[in-house]
Structure formats: C-alpha cells, structure tokens
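Working notes, structure below.
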There are 2 protein chains.
Amino acid sequence: MTAKYQEIKELIIEQVDQGQFSAHQRLPSERLLAESFGTTRVTLREALSSLEAEGRLYREVRRGWFISPLPVVYDPNSRLGYEKVIESQNRSLSTLLIKAKLELANTKACRALGLKAFTKVIAIHRVHTIDNRPVVYAINYITSELFPGLLKRDLSHSLIDLYKEQYNIEGVTQNYSIYASNIDHDMANPLHTKQGTQALVIEKTNFSEGNCAFEFSIDYWRHDAIRIESYII
Amino acid sequence: MTAKYQEIKELIIEQVDQGQFSAHQRLPSERLLAESFGTTRVTLREALSSLEAEGRLYREVRRGWFISPLPVVYDPNSRLGYEKVIESQNRSLSTLLIKAKLELANTKACRALGLKAFTKVIAIHRVHTIDNRPVVYAINYITSELFPGLLKRDLSHSLIDLYKEQYNIEGVTQNYSIYASNIDHDMANPLHTKQGTQALVIEKTNFSEGNCAFEFSIDYWRHDAIRIESYII
DNA sequence: GAGTGGTCTAGACCACGGA
DNA sequence: CCGTGGTCTAGACCACTCA
C-alpha cells in the first residue's frame, strides 16, 4: 500500500466519505487534482481508474469524473421489468430508443429462441437512463410471428407491459446468465462512455406458457450501477 | 477505433483467435511486445489492461500476462458446492486454507445470520485453485453453536459435505447477491494478483430447514474465471 | 544476477465539450 | 475559443521472479 496511486485513492475515498462530494457530483479536473496531490496526470489517472473499477467513481467521456450513486438492486428471479424495479427504488427512469428493426437473428439469439438459422427477429436497441445518467444498453430480440405490428408501437416504455396488454403474452419462466464484460464501440456513445468500460452483462430468455421462448435480451450495465440480489423462497 | 492501443488489442485478439496462443499460455514480455508493436510500454499496457477487463487476458502479479481459459459456469440457484460444479466441467480444483478461527461477526455477517452484535462466528478463509490458477478467495461465516469442533476438521474440501455428513445439516434455501468489485490487499497475494484487480463477488446465505440461517459466504472471483448461468424451472 | 512487471515522471498533441 | 479528458512518448527506478 505504499504506491502513490494507492495513497491518492485513500485520500479521495476519505473526502467522499466525509461528504465533501455527493452522488453525481463532478470532481475537479485531472490537472488540478494531479497538482494538488503533487503528482502527474498519469499517476492520478491510475488512482481514478482504480476507483472506477471499484465502482466508487464513474466517468462521462471527455466530461470528467463523477461520484457513483448507490447501485440499483435487481432480482433476476423476479418477473418485474426494470421500469417497476427502478421506480420502486425511488430512482427516475427514462428510455431512449436507439433502433428497432427486423433483422437476421445472430447465433446467440437463434440458440436462445430455438430458431433456425436465417430466421428474422425483431431487434430493439434501447438505452435506459437512471437519474439522468445513461447506465444500460439493452438489446431485445423478439420472435416476430407472435408480435405483429410491434415495431410501430411506442417502444420507449416497458416491453413486458406491451407484450401483456397488446398481445396477451406473459413470460412465465426464464433463464438468465450474468457475466463481466465491457462496453463496445457502438454502445459507448449512447452511454456517454468509451469503449472498454467495465460492464455487467445480463442475458435473459423469456418463455411463455407452453415453454415457448419468445424473447431474448442482453443488457449491458455500467458495472457500478447495478447489484444483483435474489431471495429464493 | 483509431487509437493505437485499440489497434494493438485487435492484433493480439487476432493472434489468440488464430491459435498462436492457448489457454494459460504466457505472452512475451511487455518490452518485447511494445517493441514489436512499435510503441512504448505505457501504451502497450493500456491495451493489455483493456483485454484484461474484457476477460481475455489475466495477469499473475510480476509474472506476466496470460491467456484466459474459458470461465467456469456456475448456477447460484443450484444447491451444489463449487467442488462438484467445477469437477463436472472437467476442471481440476484444489483448495488452500488461509485461516480459520472464531471471531466477532462483522456487520454483514450479523445481518445475514440474524445475530446480535458481538456474537462470535466461525470464519473460514480459503482460496480455490482451478487448473493450477488461483481464482476465488472464499470467506465463510458459520454460526458456531450448530457446528461444534468444526475448526478441527479438514477444511480443505467441500464444506457443504461436511455440514451434511458430520452435522446432518443441509441447506434448503438461500439468498444471494452478485456484484462487481475488486480484490483488496489481503486477498491479492493468495490470488497471485494485485490489489484492485476486477472481481465478481457472490454473497450467499444458507438456511437450514426451519428457515434458520447457518452460513453466510462471500466469494471473490477473478472476474474472467466465472460466468453465472441459471435455468429456472 | 538478469530480466520482469509495477510504478512514476515530465512533458506533448489532439478532439471534443461547453461557454 | 479555452479547458477538458484521451492518448502517447521516452525515458527512469524498484521489487520481485526465476534460472
């Protein structure tokens, strides 16, 4: 723990814990911080990156470093969509549609949905923003036959509600997979981050009654924004 | 994607995918790589760190950079211990006992186990090594009254088996929590890594029949070594 | 003891954000 | 337009690993 960047980390943590900074607040510029810690930007950034990896700080690309708020708690075993989960934790949510179109299912989607190669599926790309910070890049692959006209509907709200209310289809079981990965080029901009930022990925397959897979989703979360918790009964 | 370190990443990925390197194999030294890519160590390390964050490479502290093997797949909803899960995936496992003693339960353990403050619990720290690579630092907190003499037993094998065979106690339900964090000072050495390395943390509470919490565990996984998958029926 | 990775310095230029 | 973060250079010293 004698490394300089470790000492800087502790100093920053101390200041945050003392309440000098509050969630979502921007830190002083790198040059200022480096000077005040008596070091160079390279070493300062080593400390900041490490705090980012710990989920204590996050960065908005080219905008600066910010204090991470508490993560949203999510239970993959629950049948609730993010909308209800996030609202129940008194956080604000807005959803931005990136793109939605019919396309050839990729390997993963084919396998999850039990489709033959070259089958077309509805692909919806969206970004969810919590408390004014974009934190999830969500991709939904949906079997097209069951959902005629889906692409013409308002896709900026809960898809689960849409399936249920407009198509009378409700997920009754699901599989999921969780792993650590990172943000790729296409997702970086809408998440205000840069390629390579740590992400927690949640993949889910939704089955309707009759054990028919109708939706496969991949959600890329900024890793400090979510915590998985499940209470099995 | 014009950044130099991004190009280097792609070159390395290419070589790995072409089979130039196999799992657990060590890359050439940083100085050699930097020279062969026509750059400095700083930029080269930027590329390597990014590949580490993606789970494609891992490092052994002061020993070098290695190719990540496929992750172990783990289902937190299953009642199996790591031992059986890992063996079923044809990976070798060995367990090293770091320390085991009776100690005051910390806040987390108290809450999970429903204990009053200042209650003593059995705390067991172990490191699990998969295919000769240490990848999990596991801490188990166990209520002491139910397990007399536990500290004198062989703690280098499955605790679940021990509970069942020696104390006739079997977990029937559990809660769990999963989040991204990183490796702290004390865990760094036994994991052959350095403080700050990304980790995926799995916390679990085990309940016996009668809904009595008897074990709380926190497992710090090197993030590239595990993938959570669950199939709910 | 040679070579390694871990850390650090003191600069530099660029593209983008925000006023 | 100025200041920012993103990237990069060309060195350096140290503690450790391994032959």
Side-chain angles (χ1 to χ4, degrees), chain A residues 1-12 25-53 57-67 132-134 182-185 188-198, chain B residues 1-12 25-53 57-67 132-134 182-185 188-198:
Chain A
M1 175 54 81
T2 48
K4 197 160 188 171
Y5 79 93
Q6 295 285 5
E7 290 170 17
I8 294 173
K9 278 177 63 178
E10 300 210 332
L11 290 170
I12 295 176
Q25 192 177 337
R26 185 177 168 281
L27 263 59
S29 80
E30 292 182 0
R31 284 169 179 83
L32 255 172
L33 286 172
E35 193 190 5
S36 69
F37 289 124
T39 187
T40 56
R41 275 182 70 211
V42 175
T43 301
L44 188 263
R45 278 170 67 88
E46 182 83 20
L48 295 176
S49 301
S50 182
L51 289 166
E52 181 189 32
L57 300 181
Y58 66 94
R59 65 176 117 178
E60 298 267 303
V61 73
R62 284 185 187 287
R63 292 196 53 240
W65 298 84
F66 299 82
I67 308 293
N132 295 315
R133 175 189 174 212
N182 64 7
I183 301 297
D184 78 18
H185 181 68
N189 267 326
L191 287 176
H192 295 181
T193 186
K194 63 165 188 155
Q195 187 177 10
T197 301
Q198 280 181 68
Chain B
M1 174 58 75
T2 49
K4 197 161 188 172
Y5 79 92
Q6 294 286 6
E7 288 169 17
I8 294 173
K9 279 176 62 177
E10 300 210 331
L11 290 171
I12 295 175
Q25 193 178 336
R26 185 175 170 280
L27 265 59
S29 80
E30 292 182 359
R31 285 168 177 85
L32 253 171
L33 286 172
E35 193 189 5
S36 71
F37 289 125
T39 185
T40 57
R41 276 180 70 211
V42 175
T43 302
L44 189 261
R45 279 171 66 89
E46 180 86 21
L48 295 176
S49 300
S50 182
L51 290 167
E52 182 189 29
L57 300 181
Y58 66 94
R59 63 175 118 175
E60 297 267 305
V61 72
R62 287 188 185 283
R63 294 197 52 241
W65 297 84
F66 300 81
I67 308 294
N132 294 314
R133 177 189 172 212
N182 64 8
I183 300 297
D184 78 19
H185 182 68
N189 266 327
L191 287 177
H192 295 180
T193 186
K194 62 166 192 157
Q195 186 177 14
T197 301
Q198 280 180 69

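Please read these numbers as outputs of a predicted model, since none were measured by experiment. All chains are named by letter (A, B, ...) in the order of the sequence lines, taking the proteins before the strands, and each is independently numbered beginning at 1.
Contacts of Arg62(A) classified as salt bridge (charged side-chain N to carboxylate O under 4.0 Å, His left out), with partners at least two apart in sequence or in another chain: none. Annotation: ring pair (Phe, Tyr, Trp, His ring centres under 6.0 Å) contacts of Phe66(A) (sequence neighbours excluded): Tyr58(A). Judged as a side chain to side chain contact (heavy atoms under 4.5 Å, CB included), and not counting sequence neighbours, Asn189(A) has no contacts. In terms of the salt bridge (charged side-chain N to carboxylate O under 4.0 Å, His left out) criterion, Lys4(A) has no residue partners (sequence neighbours excluded). Evaluation of the side chain to side chain donor-acceptor pair (under 3.5 Å) rule for Arg31(B) yields no partner, not counting sequence neighbours. The side chain to side chain contact (heavy atoms under 4.5 Å, CB included) check on Ala47(B) picks up Tyr5(B), Ile8(B), Lys9(B), with sequence neighbours excluded. For Glu35(A), there are no salt bridge (charged side-chain N to carboxylate O under 4.0 Å, His left out) partners at least two apart in sequence or on another chain. Shown here are the side chain to side chain contact (heavy atoms under 4.5 Å, CB included) partners of Thr40(B), two or more places apart in sequence or in another chain: Val42(B), Thr43(B). Applying the salt bridge (charged side-chain N to carboxylate O under 4.0 Å, His left out) criterion to Glu30(A), with sequence neighbours excluded, gives Arg41(A), Arg45(A).
Listed by residue number, the members of residues 58-65 of chain A with any heavy atom below 4.0 angstrom from DNA chain C are Arg62(A), Arg63(A). At a non-hydrogen distance threshold of 4.0 Å, Arg41(B), Val42(B), Thr43(B) from residues 41-51 of chain B come into contact with DNA chain D.
Once you apply a 4.0 Å limit to the heavy atoms of chain A, the touched nucleotides of DNA chain C run 5' to 3' over dT7(C) to dG18(C).
Using a 4.5 Å cut-off on side-chain heavy atoms (C-beta onward), Asn182(B) and Thr197(B) make no contact.
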